[in-house]
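Just so it is clear: chains get the letters A, B, ... in the order the sequence lines come, proteins before strands, and each one is counted from 1.
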Amino acid sequence: MSPGTATEQLEALLRGTAQVINEKDLLTKLERGTPLRAKLGVDPTAPDIHLGHTVPLEKLRQFQEFGHQAVLIIGDFTAQIGDPSGRSKTRPQLTRDEVLDNAKTYTKQAFKILDRDRTEIVFNGDWFNKMTFAEVIALNARVTMQQMLQREDFKTRIANDQEVRLHEIQYPLVQGWDSVMVRADVEIGGTDQLFNILVGRDMQKSEGMEPQVAMCVPILEGLDGVKKMSKSLDNYIGVSDEPEDMFGKVMSISDELMDRYYTLLLGESRDPEDHPMDAKKALAARIVTRYHSEESATKARENWETRFSQRDLASADLPDYALGDRRDAVGVVADAYASIFQTNRSNGEIRRLLQQGSVQLNGEKLTDPKAEPAWADGDILKLDKKRSVRVKVG
RNA sequence: GGGUAGGUACCGAAGCGGUCAAACGGGGCAGACUGUAAAUCUGUUGGCUACGCCUUCGCAGGUUCGAAUCCUGCCCUGCCCA
């Protein structure tokens, strides 16, 4: 992509955004022809980034492609406060070590999307950890309580008689101050960040700076299609997920959600002539290609087809499960879940799964919890609809 | 500081001396149907060495044959007042 005129850039940059405050300011800034500083703040509350995070990251990269400077703020400090955005409850606070660990993997993954050479990484702890209490108070004096309480999240919580703790009210302030510190021209964020970003504008104005443009991108829904994609809800597709997983997760979404993913992740709409399933396979393959490679996408697709369309587990590529000490149905299934799928299930739960006909051994339902089948090398053990393993003995 | 309403399983919310591992709804999980879709239907949803046993109803004690339910103290939250 070449820099293009200011108007061309504007048009491209506005694509896929939900709200921009305001377009005129953005155009003015673009017309100056000097590289803009586009800020994106991320709180490393969890190590892995998922497709939900990629929406603003892709937007940031678009700025880079036009020759602008990306400023990625790692909220090592803010992560410890906990962003109340979209939250109905106070977030648990993280320790500094957890945050720094998360930050490391986070940036590594972010560079799957961003151009490293045109990204400036800063930690907001660099300035906040140095602030004196007097300075903190002074920061607080810049805004009014009423302004902070205008925030939707707080309003609803208050309306529902739920607690709002004072430190949460500080969050927008802190995020806003980041904008001052990095002299942001534009701040990118999800629509739930609008309030915080606007506080940044106010802060910059009061510092005599030109206010940043608030650019909000839509929030990506998670696999359930309702709630926002997040690690804690376990409804996410991680950019580091294995190709097979990634492909499978995309295939499990609803058709409506697929349309949403098409626009938000690929920036286009799907061909309504295509069969929804084919469209979904295409989407899945493109996502896998983006974060892995075309080969792994093709492979993932083929394997998915033999496994789920043709239900041919025998020729599918399945993880190997080395039989442990226990040989009874409950023991083996529990162990397989734990060792291969990192899923801990209680014996009672496994017993239920067996009785409900979830488990199959070489295509035969295994319903007796106490059964001790004669396990053989290469047995196909299907734990549930989505999870199967190939048994290895000894 | 005073008054008042509360703290029940993943969430919301019943229960208010035994029949309570705790109604109901949501969510989750599994099965059927299918396109590993949605919708729908069914089952299930504390743990275990399982017709029994153990741990749960903010925490700690107490009353009682017996407590989520009664009493005492403590902790926490909302609301009103100061």
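For B/rU77, one of the phosphate oxygens OP1 or OP2 lies less than 4.0 angstrom from a side-chain nitrogen or oxygen of A/Arg165. A close approach under 4.0 Å does not occur between any side-chain nitrogen or oxygen of A/Arg387 and OP1 or OP2 of B/rC29. For B/rC29, neither phosphate oxygen OP1 nor OP2 lies less than 4.0 angstrom from any side-chain nitrogen or oxygen of A/Ser358. Taking side-chain N and O atoms only, A/Asn347 has a distance below 4.0 Å to OP1 or OP2 of B/rU49.
The CG-C1' distance, from A/Asn303 to B/rU36, rounds to 13 Å in whole Å. If you measure from atom CD of A/Glu221 to atom P of B/rA38, you get 15 Å, rounded to the nearest angstrom. Between the CZ atom of A/Arg345 and the P atom of B/rC29 there is a distance of 8 Å, given to the nearest Å. The interatomic distance linking A/Leu257 (CG) with B/rA39 (C1') rounds to 16 Å, in whole Å. Regarding A/Asn344, its CG atom lies at a distance of 11 Å from the P atom of B/rC48, rounded to whole Å. Spacing between atom CG of A/Leu313 and atom C1' of B/rU36 amounts to 12 Å, rounded to whole angstrom units. Taking atom CG of A/Asn160 as the reference point, atom C1' of B/rU77 lies 14 Å away to the nearest angstrom. In this structure, A/Asp161 atom CG and B/rG6 atom C1' are separated by 11 Å, rounded to whole Å.
Checked against B/rU77, B/rC48, B/rU36, the side chain of A/Arg311 finds its nearest nucleotide in B/rU36. The side chain of A/Leu353 lies closest to B/rA30 when the candidates are B/rG35, B/rG47, B/rA30. Of the candidate nucleotides B/rA30, B/rU36, B/rU77, B/rU36 has the atom lying nearest to any side-chain atom of A/Phe308.
Here B/rA39 sits opposite no nucleotide as a Watson-Crick or G-U wobble pair (both hydrogen-bonding atom distances under 3.5 Å). Applying the Watson-Crick and G-U wobble criteria (two distances, each under 3.5 Å), B/rC33 pairs with nothing in any strand. As the counterpart of B/rU69, no nucleotide is assigned, since no Watson-Crick or G-U wobble pattern has both distances under 3.5 Å.
If you take atom P in B/rU42 and the same atom in B/rA50, they sit 32 Å apart, rounded to whole Å. When the C1' atom is compared between B/rA9 and B/rG25, the two are found 14 Å apart, to the nearest whole Å. The gap from the P atom of B/rC11 to that of B/rU19 amounts to 25 Å, rounded to the nearest Å. Of the P atoms belonging to B/rC51 and B/rG43, the separation is 25 Å, rounded to the nearest Å. Separation of the P atoms belonging to B/rG1 and B/rA67 is 34 Å when rounded to the nearest angstrom. Remark: the separation of the P atoms in B/rU56 and B/rA21 is 13 Å, to the nearest Å. Distance noted for atom C1' between B/rC65 and B/rC70: 16 Å (whole Å). Atom name P, nucleotides B/rG18 and B/rC81: the rounded distance is 40 Å, in whole Å.
Residues A/Asp43 and A/Thr78 bring a donor and an acceptor atom of their side chains to less than 3.5 Å of each other.
For the residue pair A/Cys216 and A/Leu194, the shortest heavy atom distance occurs at SG-CD1, 3.7 Å.
B/rC51 has its base syn relative to the sugar, with a glycosidic angle deviating from 0 by at most 90°.
Counting non-hydrogen atoms under 4.0 angstrom, A/Asp255 reaches a base of the nucleic acid. A/Arg351 comes within contact range of at least one nucleobase, with a heavy-atom separation under 4.0 Å.
When atom types are taken as modelled, the side chain of A/Arg201 and the backbone of A/Ile21 share a donor-acceptor pair closer than 3.5 angstrom. At distances below 3.5 Å, not a single donor-acceptor pair connects side-chain atoms of A/Asn303 with backbone N or O atoms of A/Ala300. The backbone N or O of A/Asp328 lies less than 3.5 Å from no partner atom in the side chain of A/Lys370, so there is not a single donor-acceptor pair. When atom types are taken as modelled, the side chain of A/Gln204 and the backbone of A/Ser179 share a donor-acceptor pair closer than 3.5 angstrom. Put simply, the side chain of A/Gln360 never gets that close to the backbone of A/Ser388: no donor and acceptor are under 3.5 Å apart.
Ranked by how close their nearest RNA chain B nucleotide is to the 5' end, A/Ser346 and A/His275 are led by A/His275. For A/Glu244 and A/Lys370, each mapped to the nucleotide of RNA chain B holding its nearest heavy atom, the one lying further toward the 5' end belongs to A/Glu244.
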